[in-house]
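The residues of the chain are indexed from 1 along the displayed sequence. Heavy-atom basis, side chains included; hydrogens, waters and symmetry copies ignored.
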Amino acid sequence: MIAVLALLLATAFPSNSKTSWMRPESFHLTIGMHRDAAVKALESNGWKTKKGDAAGQLVVDYADDKSLTLQFAGERLTSIRFELFTILQEAPKAFEEERMFLRQSLGKPRQGTKKILIYDHKLPNVMAVLAADPKSEQAKKGVGMVVVRYYDPAVK
């Protein structure tokens with residue numbers, strides 16, 4: 001009986017959270033880490049990387065509606081961008097969930113609107129953006145997006 005209880009407690013339960021995966025620590029990544037260490041951390045957890053559109057980018061397709069983009073300058077990780085694509089009506093709810101998480105973990109943002117949050121009072125900087133403008137081409141297709149970017153502001 002105790003073994004069954006321990007197994008149940010150790011088993012990962014599905015999360016109702018839309019944004020809990022949008023954290024560097026979820027992928028064992030940190031801004032500034034060496035490229036080889038970042039790739040090894042991803043691959044050792046079963047993630048496959050592919051080249052991004054820009055030089056120095058690697059992309060991981062997390063799921064059909066989720067991806068992350070890593071940007072390297074030289075051999076150092078300078079940016080991790082988490083992208084969630086969802087139906088237009090769900091995007092503001094997901095953004096609010098992320099807003100609450102960031103507020104709890106980082107405090108009040110330096111700048112904040114209904115669609116953009118900027119945390120630049122400690123490293124790495126964090127920016128969260130809601131793309132759900134009903135007039136945009138993406139929204140006309142019924143798609144909203146939440147993007148959270150952790151980055152080193154000193155690297156351009």
Calculate, to the nearest 0.5 Å, the distance between atoms [atom1] and [atom2] belonging to [X] and [Y] respectively.
X	Y	atom1	atom2	answer
Glu98	Leu117	CD	CG	8.5 Å
Met33	His28	CE	NE2	10.0 Å
Glu43	Thr49	CD	OG1	5.5 Å
Leu84	Leu68	CG	CG	12.5 Å
Tyr119	Arg103	OH	CZ	6.5 Å
Leu58	Lys50	CG	NZ	11.5 Å

Please tell me if the side chains of [X] and [Y] come closer than 4.5 Å, counting only heavy atoms from C-beta onward.
X	Y	value
Ile118	Pro109	no
Phe27	Leu42	yes
Val148	Val126	yes
Leu106	Lys122	yes
Thr30	Leu77	no

With Gln71 as reference, evaluate Arg149, Arg81, Gln57 under the side chain to side chain donor-acceptor pair (under 3.5 Å) test and give the passing residue. Gln57
Under 4.0 Å between a Lys/Arg side-chain N and an Asp/Glu carboxylate O for Glu96 and Lys93? no
Linking I/L/V/M/F/W/Y whenever their side-chain heavy atoms sit closer than 4.5 Å, directly or via other members, would [X] and [Y] fall into one cluster?
X	Y	result
Phe95	Phe85	no
Leu102	Leu29	yes
Val59	Ile80	no
Met127	Phe101	no

Would you name the heavy atoms of [X] and [Y] that are closest together and state the gap between them?
X	Y	result
Met22	Glu83	CE-N, 4.2 Å
Thr19	Ala94	CG2-O, 3.4 Å
Leu123	Pro153	CD2-CD, 3.4 Å
Thr113	Arg99	O-NH2, 3.0 Å
Leu88	Val143	CD1-O, 3.9 Å
Ile31	Tyr150	CD1-O, 3.5 Å

Can a donor-acceptor pair be found, under 3.5 Å and without considering hydrogens, that links the side chain of Glu97 to the backbone of Lys18? yes
Say whether, by atom type as modelled, one donor and one acceptor occur between the side chain of His121 and the main chain of Lys108 under 3.5 angstrom. no
Heavy-atom count around [X] [atom1] within 6.0 Å, excluding the residue itself: above 12?
X	atom1	result
Asp64	CG	no
Gln104	CD	no
Asp36	CG	yes

Can you tell me how the ring of Trp21 sits relative to the ring of Phe82, calling it parallel under 30°, perpendicular over 60° and tilted otherwise? perpendicular
